[in-house]
Amino acid sequence: MRAGFIGLGTMGGPMAANLQGASTALIVHDLHRQAAGRHEAAGARWAATPREVAAAADVVFTSLPAPPDVMAVADGPDGLLAGFRPGAAWFDLSTNSPAVIRALAARCAAAGVAFLDAPVSGGPKGAASGRLAIWVGGDRAAFDAHRAALDAIGDRARWVGPIGAGTIAKLTHNAAGAAINQVLAEVFTMGVKAGVEPLALWEAIRQGATGRNRTFDRMGDHFLTGKYDPPEFAFRLIHKDVSLAAELGREVGVPMRMVNLALAEMTETLARGWGGRDSRVSMKLQEERAGIAPLALDPASVRAVLDRDGS
Ligand code: NAD
């Protein structure tokens, strides 16, 4: 199996090195040749263009900044699409746009090439250590065929669904992470300005109900199963807590945009008469607005995932 790798930056550099470490013959390309120094020193072949990479490889990986960069590598007389042979596969490890991905997949399919979106999560440390999630969308057979290469890059390669599914998972994950960090910044500055020493505050909150849980695990109990009755923690009580926190923010003079937005949202939920339901019942409002059918997964299917993957 000959693999090509384009985009040897913060993430791509170490991912390509791990692929090479798993005895894969590698052909590499980047806008800047010095990015390939360590790979060439370890025996990788340099290609002057993406086309040359595609012509020499059975499978190509790209790790590029943004959708226009992926298009730049795909198109033109020196692009990947000009070099691929039928039967080849292209895994885009970049965080890309689902629309761009689907358009590229259709063009690749017409040339007999399997294009899969395969964004990664784990940061540069994960890229170096191999502790990296890879969320793949596209042809399942191509995913299975190149599983060994994916396993050389990350420890959690997962086929998520049809083309674009990996990227949708990645965008869901990163939007959640970013929004959570904004809220954490807000509430933590409130706690510090209200007078608690930062280390003591952090030590305390990481031991709380939210602190002890993996961020997404508790979604299984309520959001996925649609089970909000009887409450574990009544909605009117969490509404009271967030009202008190917003009040404290006002008292100590800390702007709390996200918390006040959450509070307005929660007040709308309360006005539905749902104060006696579980504290996560605002999801019901959002399901209505999103125009999706209420989620009602079998609790056994949720349990099976937690048992299989750990909680
Ligand atoms: P980066 O800017 O460090 O690396 C990108 C590399 O691509 C650079 O070496 C650059 O020279 C090369 N490149 C750009 N355009 C090119 C072109 N037309 N032809 C050839 N090479 C080209 O970026 P990064 O942090 O490694 O991120 C890569 C992708 O991974 C992004 O989509 C990013 O969102 C995603 N990602 C990043 C992280 C992270 O923590 N850095 C984590 C997960 C996912």
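In each ligand, atom 1 is the first atom listed, and ligand 1 is the first ligand listed. Index from 1, following the sequence. What you see is a predicted model, and the numbers here were worked out from it, not measured in a lab.
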Enquirer: What closest approach, in Å, do Gly310 and Arg214 show between heavy atoms, and which atom pair accounts for it?
Expert: O-NH1, 3.9 Å
Enquirer: So for atom CZ, which belongs to Arg206, do other residues, nucleotides or ligands contribute more than 12 heavy atoms lying within a distance under 6.0 Å?
Expert: no
Enquirer: Per the side-chain contact (heavy atoms from CB on, under 4.5 Å) rule, which among Leu26, Val53, Ile27, Val28 passes with Arg45?
Expert: Ile27
Enquirer: Rounded to the nearest 0.5 Å, how far does CG of Leu150 lie from CE of Met15?
Expert: 11.0 Å
Enquirer: Looking only at protein heavy atoms, which one is nearest to atom 1 (P) of ligand 1, and what is the separation?
Expert: Thr10 N, 4.0 Å
Enquirer: Mind checking whether Leu104 and Leu80 sit in one hydrophobic cluster, side chains of I, L, V, M, F, W, Y counted as touching below 4.5 Å?
Expert: yes
Enquirer: Taking distance alone, with N or O pairs closer than 3.5 Å, would you say Val73 contacts ligand 1?
Expert: no
Enquirer: Give me the residue, atom name and distance of the protein heavy atom closest to atom 4 (O) of ligand 1.
Expert: Gly9 CA, 3.3 Å
Enquirer: Decide whether Ser63 and Ser94 meet the rule of one side-chain donor and one side-chain acceptor closer than 3.5 Å.
Expert: no
Enquirer: Take atom CZ of Arg33 as the centre, draw a 6.0 Å sphere, and report whether it contains more than 12 heavy atoms from other residues, nucleotides or ligands.
Expert: yes
Enquirer: So which heavy atom in the protein is nearest atom 40 (O) of ligand 1, and how far is it from that ligand atom?
Expert: Pro124 CD, 3.4 Å
Enquirer: To the nearest 0.5 Å, tell me how far Asp92 CG sits from Phe61 CZ.
Expert: 11.0 Å
Enquirer: Is it the case that ligand 1 has an N or O less than 3.5 angstrom from some N or O of Ser94?
Expert: no
Enquirer: Where is the nearest protein heavy atom to atom 14 (C) of ligand 1: which residue, which atom, and how far?
Expert: Pro65 CD, 3.6 Å
Enquirer: If we only count N/O pairs under 3.5 Å, is Gly7 in contact with ligand 1?
Expert: no
Enquirer: Around atom 20 (C) of ligand 1, find the nearest protein heavy atom and jot down its residue, atom name and distance.
Expert: Leu31 N, 3.3 Å
Enquirer: Count the heavy atoms belonging to other residues, nucleotides or ligands that lie under 6.0 Å from CZ of Arg156, then report whether that count exceeds 12.
Expert: no
Enquirer: So is Ser121 in contact with ligand 1, going by heavy-atom distances below 4.0 Å?
Expert: no
Enquirer: Counting non-hydrogen protein atoms only, what is the nearest one to atom 28 (C) of ligand 1? Give residue, atom name and distance.
Expert: Ser63 OG, 3.6 Å
Enquirer: Within 4.0 Å of atom 23 (O) of ligand 1 (strictly less), any protein heavy atom?
Expert: no
Enquirer: Give, for atom OG1 of Thr267 and atom CG of Asn260, the distance between the pair rounded to the nearest 0.5 Å.
Expert: 9.5 Å
Enquirer: Could you tell me whether Lys170 and ligand 1 have an N or O pair separated by under 3.5 Å?
Expert: no
Enquirer: What is the nearest protein non-hydrogen atom to atom 37 (C) of ligand 1, stated with its residue, atom name and distance?
Expert: Met11 CG, 3.5 Å
Enquirer: How far is atom 33 (C) of ligand 1 from its nearest protein heavy atom, and which residue and atom name does that atom have?
Expert: Thr95 OG1, 4.2 Å
Enquirer: At under 4.0 Å between heavy atoms, which part of Leu8 makes contact with ligand 1: side chain, backbone, both or neither?
Expert: backbone
Enquirer: Is it the case that ligand 1 has an N or O less than 3.5 angstrom from some N or O of Asp30?
Expert: yes
Enquirer: Heavy-atom contacts with Gly123 under 4.0 Å: which atoms of ligand 1 show up? List them by number with element.
Expert: 40 (O)
Enquirer: Quick check: Phe115 with Trp90 (ring centres under 6.0 Å apart)?
Expert: yes
Enquirer: Tell me whether Leu64 has any N or O atom under 3.5 angstrom from an N or O of ligand 1.
Expert: yes
